Amino acid sequence: MSNYLSYKYKNLVPYVPGEQPRDRKYIKLNTNESPFIASGHVSLDSAIENIMLYSDPTCLKLREKFAGIFNVGIDEVMFSNGSDEMLNFAFMAYTDKLTPAAFPDITYGFYKVLCNVNNTPYTEIPLKDDFSIDVDDYVNLNKTIFIANPNAPTGLSLPLNEIERIVKTNPNNIVVIDEAYVDFGGETAVPLIKKYDNLLVIGTFSKSRSMAGARVGYAIACEKIIKDLNAIRYSLNPYNINSLSMLLAINILDNNDKVLGNIEKIIENRAYLTSELQKLGFETLESKANFIFTKTDKMSGKELYLKLKEKGVLVRHFDSDRIKDYVRITVGTKYELDTLIKKTKEILGV
Ligand SMILES: *Cc1c(COP(=O)(O)O)cnc(C)c1O
């Protein structure tokens with residue numbers, strides 16, 4: 001880093017995205033993207049024709065379409081450049097020295113990064129030994145709570161009544177539920193926004209809607225929270241959704257049947273992968289996401305990850321202590337999973 005960098009960022013530890021190597025063609029099961037195309041036919045002509053104009057900062061057409069499908073008001077939703085951006089808005093809006101953040105010790109790595117960049121103190125609350133969340137830990141916490149539900153990288157999910165207990169017992173604090181994976185079997189907290197003005201649900205088109213490259217995330221909450229977040233958004237980047245991504249997002253909402261079909265396939269493939277790995281002695285957590293978290297006692301998570309990579313299959317391994325035995329595997333197509341299983345058998349010599 002240069003000597004010019006502000007003291008504020010001298011100790012920054014940036015997020016490390018899952019690797020995207022270009023050295024060869026990999027079966028890519030490491031970053032939880034969808035293996036399926038979701039859109040029907042989308043004509044980019046009209047968007048390109050208007051590309052000299054700024055995109056609509058209010059995202060009105062997209063919000064109207066979205067609000068109809070998600071059964072919320074158009075002032076109860078807003079969009080961001082991927083949900084990572086929305087998470088940052090939420091950390092900026094609702095955490096500071098007096099209002100620290102809290103989240104599980106094993107969860108989405110970005111939360112910690114966003115605390116650091118925003119100079120927010122945080123508490124990591126240990127998950128139970130089985131990696132589930134002890135909801136009692138979050139009752140009357142007096143902190144801004146961030147919970148990924150289903151959680152990453154475990155894939156475990158909390159039922160809606162447990163989420164409601166957390167929201168209800170923290171009336172003086174915002175509770176953020178990150179629903180990046182909710183469509184793969186979790187229960188959404190969106191209906192609760194009508195009842196609680198401290199609930200903020202954040203979601204993304206990157207996973208179930210096959211749009212990771214377009215960068216579209218959203219927030220659903222009561223109007224006042226959406227106003228807060230828009231104030232932050234308009235202070236940083238009012239045109240955060242570009243017009244091409246907006247068009248693609250509207251198109252994908254028009255193709256919801258296709259999205260639902262793809263989700264069904266992922267759920268089917270997840271069961272298949274889990275049972276095939278079980279035959280090889282793997283222990284897998286019960287996933288409600290488009291990935292599984294699994295381990296074998298025959299080798300460490302790191303060794304398995306490295307050997308699979310050598311054979312052209314990418315999975316994700318995390319070095320932190322409690323989960324270093326595991327690998328996280330994105331649920332891909334049947335062909336991708338069969339390749340992964342075949343290579344795993346070769347590695348284990350069975
Ligand atoms: C993938 C992911 C996100 C971010 O997705 P974007 O591509 O930025 O929308 C947010 N939270 C969790 C838990 C994720 O796994």
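Numbers here are sequence positions counted from 1. Read the numbers this way: they start at 1 and go in the same order the structure lists the ligands and their atoms. Here the structure is a predicted model, which means the values were calculated and not measured.
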Side chains of Tyr94 and Thr99, heavy atoms from C-beta outward: is any pair under 4.5 Å? no
With heavy-atom distances below 4.0 Å as the criterion, list the atoms of ligand 1 near Ala180. 2 (C), 11 (N), 12 (C), 14 (C)
Within-shell test, Asn32 vs ligand 1, heavy atom, strictly < 4.0 Å: no
Run the numbers for me: atoms of ligand 1, each under 4.0 Å from some heavy atom of Ser206, listed by number. 6 (P), 7 (O), 9 (O)
Just need the protein heavy atom nearest to atom 15 (O) of ligand 1, so name the residue and atom and give the distance. Tyr181 OH, 2.6 Å
Of Val176, Ile174, Asp178, the one forming a side-chain contact (heavy atoms from CB on, under 4.5 Å) with Phe146 is Val176
Counting from 1 in the order shown, the ligand 1 atoms closer than 4.0 Å to a non-hydrogen atom of Gly82 are 8 (O), 9 (O)
Phe282 six-ring centre to Lys295 NZ/CZ under 6.0 Å and within 45° of normal: no
Report the distance from atom OG of Ser245 to atom CG of Asn81, rounding to the nearest 0.5 Å. 7.0 Å
Ion pair Arg165/Asp136, N-O distance below 4.0 Å: yes
Is Thr204 close to ligand 1, meaning an N/O of one under 3.5 Å from an N/O of the other? yes
Which residue and heavy atom of the protein sit nearest atom 1 (C) of ligand 1, plus the separation: Lys207 NZ, 1.5 Å
N-O pairing of Lys279 and Glu276 below 4.0 Å: yes
Shortest protein contact, atom 11 (N) of ligand 1 (heavy atom only): Asp178 OD2, 2.7 Å
Could you check atom 5 (O) of ligand 1 against the protein and tell me its nearest heavy-atom contact, residue, atom and distance included? Ser83 OG, 3.2 Å
Please verify whether a non-hydrogen atom of Glu85 lies at under 4.0 Å from ligand 1. no
Phe79 and Phe66: ring-ring contact (aromatic ring centres under 6.0 Å, His included), yes or no, with the steps? CA-CA 10 Å; Phe79 287 88; Phe66 184 94; 5.3 Å; yes
Atom pair CD1 (Ile193) and CZ (Phe70), whose distance is rounded to the nearest 0.5 Å: 11.5 Å
So the atoms of ligand 1 within less than 4.0 Å of a heavy atom of Arg215 turn out to be 6 (P), 7 (O), 8 (O)
